[in-house]
There are 2 protein chains.
Amino acid sequence: MHPNRPALIVSVDVVLLTLRQGKLQAALHRRARPPFQGCLALPGGYVHPQEDATAEDTARRVLREKTGVEPRYLEQLGTFAGAARDPRGWSAAISHVALMPHEELRQAGGEVFHFYDVDQLPELAFDHAEQIRAAAERVRNKASYSTLPCWLLPEQFTLTQLQRTYEQIFGETVSRGTFRSRLGIKVGDMSPGEAADQADILIATDQFQGGSQRPARLFRVNRLSLFKRASW
Amino acid sequence: MHPNRPALIVSVDVVLLTLRQGKLQAALHRRARPPFQGCLALPGGYVHPQEDATAEDTARRVLREKTGVEPRYLEQLGTFAGAARDPRGWSAAISHVALMPHEELRQAGGEVFHFYDVDQLPELAFDHAEQIRAAAERVRNKASYSTLPCWLLPEQFTLTQLQRTYEQIFGETVSRGTFRSRLGIKVGDMSPGEAADQADILIATDQFQGGSQRPARLFRVNRLSLFKRASW
DNA sequence: CCTTCTTAGTTGCAAAATTCAACTAAGCAC
DNA sequence: GTGCTTAGTTGAATTTTGCAACTAAGAAGG
C-alpha cells in the first residue's frame, strides 16, 4: 500500500427531500451516538465494501435499512470533505439527493424521520445544514428546466398536481397556460394506450382522476427530460 | 472509532482542461507506479490531512507540485467511487475540474503533461476517461449559460477572442451579433476606468488590443455570471 | 491624402417564442 | 335544465432572438 495514504473517515449521507405541508422538506433523525449525540442529522452511514458496489448503493442501503423503501429518484450531490467538519479528524461525506412523495415515505416506516423546511433548518450535526442547502439549490435549479419534480409525486399524476409541485418548490404561482406550453403538453395530441414516443416528456395514460368536476387525465414521467431554462 | 468503518482508498483527481489546437483538451501524465504503471492518467494524489484543509486544497496542491501554478478556475466535479474502479479494492476519487489558458500552463512547467482532445481519448488508467467525459459535459453545459469560458483565457481578452473560445468549446460557429447580445454587451455603454457595476458580466478595461485594423477593447470577467440557457 | 482592406462594434427588422386572458369542455349537484 | 368547479385550448399582444446590413477605426499603399 502507498506509504502516504492517510486514515480518513469516509461516509455516505442522503438528503431525502419530500413535499410536505406545501413546502420542500428534508428528512432528519436524531443521532444515537457521539459525535453530535442527540442532534438532528441526515441519514447516513459507512460504506460496506462487500455489499455496496458503488456509493449510490450505500445510499440506497442506508435508506432501505431506515425506512424499507427505495427512493423514486437518487443522484450524487457532491462530496463534503475537510479537516473541520468532524471532530474526529479529516473526513469526507459523499452526499446524495433523494426525492420521494411524502405519502409513500410515510407508509414505509418514515416515522423515524422528523421533517423540516429546507429554508428553516434547526441546528444540525456536522455540515448537514450546508448539505441540505446545496441539495435544495440543486433541486430548484434542475426544476427550472427539467421534469425532476415528477419524482416528488406518485407514479401517476394530473397536470394540475404537477403544477402545484413546481409552485411549491419555487414558492410562487405559475400561469396554467405557461406551465402547460413549457412542458409542451397538448393532451388532445396524445394517444394514451399506445407506446410513448422517445421525445415525449410525459406519457399520457388512459386513466382519469375524477373529482366532482371534469376529470383530469393522469400522466407518468417518461424520463428526466430537459426543456428551456426559465424563471417561471 | 466506529467498528464498521472499513479501510478505503481515497484520492483526489483533477481534470485540467485547456484550449489547444482549437480544441478542448485534457492534461494527462504517465503513471510511474502500479497499478496502471506507464498508463496515461489524470493528475491526482492522496489527501495530506495536516496540509490540506479541504479536498479542493488537495487538488490545488497536486497541481502546484506538478506544474507550479494555480488554476484560474477550480470546482469539484463529483466523486467516482466503487469496488470495480481500482484493482486494490473499494476506492473513492474526489474529482475536480480545473480551467487554464494553455499559454499560462505551458510557461509554468506544463511540459510534464500530454494533451488529448476530450472527444478523442486514448486508453486511460482507472475510470479517468469517464471523469474527463463528465468534466467536458459539465464545462459545455455551464458554458451555454455562463461566463465559465472566460477562465480559459488570459485575464484580459477581446470579445472576439471570447467568442472563439465559446466556438471551440462547442465546435460550432456563432453569429457575432447573437454572441454579443447574449452577453448583454454594449461597449459604448461601458465606462472603462470606473468601478464595475455588480450587474456587469464583463468589465471593460481602458486597454485596447490593436492589430493592423480597428483595435478591440480588452475586457476582464467580473465573476461567474449566469445568463439565459441557449443552444448558441 | 485618398482608396482599399480588415476587423470592431451597432442597429433595426423579420421571425420565433412566450405569456395570459378569454374561451370551450366535462363532470357533479340541484 | 342551471350553476358551479376544474380541465384543457386558443389566439393575439408582447417580448425575445437571430441575422444581415450598416458604420467605425486603424493600417497599408499608392
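Numbers restart at 1 for each chain; the letters A, B, ... are given by sequence-line order, proteins then strands. FYI, side chains are in, hydrogens and waters are out, and symmetry mates aren't considered; it's all heavy atoms of this structure. Bear in mind the structure is a predicted one, so any value in this text is a computation, not a measurement.
Atom CD in Q207(A) sits roughly 17 Å away from atom P in dA7(D) (whole-Å rounding). Atom CZ of R180(A) and atom P of dT6(D) are 14 Å apart (whole Å). One atom, CG of L183(A), and another, C1' of dG8(D), lie 14 Å apart when rounded to the nearest Å. Taking atom CG on L218(B) and atom P on dA8(C), their separation rounds to 11 Å, with Å as the unit. The distance between atom CZ of F179(A) and atom P of dA7(D), rounded to the nearest whole Å, is 12 Å. Residue R217(A) contributes atom CZ, which lies 17 Å from atom P of dA25(C) at whole-angstrom precision. Here the P atom of nucleotide dA24(D) and the CZ atom of F208(B) are 16 Å apart, to the nearest Å.
In this structure, the ring of H128(B) has its center no less than 6.0 angstrom from the ring center of F80(B).
Heavy-atom neighbours of E70(B) CD from other residues, nucleotides or ligands within 6.0 Å: above the threshold of 12. Within a 6.0 Å radius of CD in E123(A), other residues, nucleotides and ligands contribute 12 heavy atoms or fewer.
Ring-plane geometry between W151(B) and Y73(B) is classed as parallel, the angle between the planes falling under 30 degrees on a 0 to 90 degree scale with a further cut at 60.
The stretch residues 157-168 of chain A comes close to DNA chain D through T160(A), each having a heavy atom under 4.0 Å from the strand.
The side chain of R176(B) lies closest to dG9(C), out of dG9(C), dG8(D), dG26(D).
A donor-acceptor pair shorter than 3.5 Å cannot be found between the side chains of N141(B) and E137(B).
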Inset, instruction - Show the numbers, then the answer: is there a ring pair (Phe, Tyr, Trp, His ring centres under 6.0 Å) between F179(A) and Y166(A)? - result: CA-CA 9 Å; F179(A) 179 76; Y166(A) 276 90; 5.4 Å; yes
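Nearer to the 5' terminus of DNA chain C, by closest-nucleotide assignment, is the contact made by Q213(B) (compared with the other of Q213(A) and Q213(B)).
For the salt bridge (charged side-chain N to carboxylate O under 4.0 Å, His left out) with D119(A), the lone residue among R140(A), K23(A), R133(A) that qualifies is R140(A).
Between the side chain of R214(B) and the base of dA8(C) there is at least one donor-acceptor pair of N/O atoms closer than 3.5 Å.
Between V15(A) and L42(A) there is a side-chain heavy-atom pair separated by less than 4.5 Å. Side-chain contact between V97(A) and L16(A): absent, with no pair of heavy atoms (C-beta onward) separated by less than 4.5 Å.
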Restricting both atoms to N or O, compile the protein contacts to nucleotides 18-20 of chain C shorter than 3.5 Å, with distance only.
| residue | atom | partner | partner atom | Å |
| --- | --- | --- | --- | --- |
| dT19(C) | OP1 | R182(A) | NH2 | 3.4 |
| dT19(C) | OP2 | R182(A) | NH2 | 2.5 |
| dC20(C) | OP2 | T178(A) | OG1 | 3.3 |

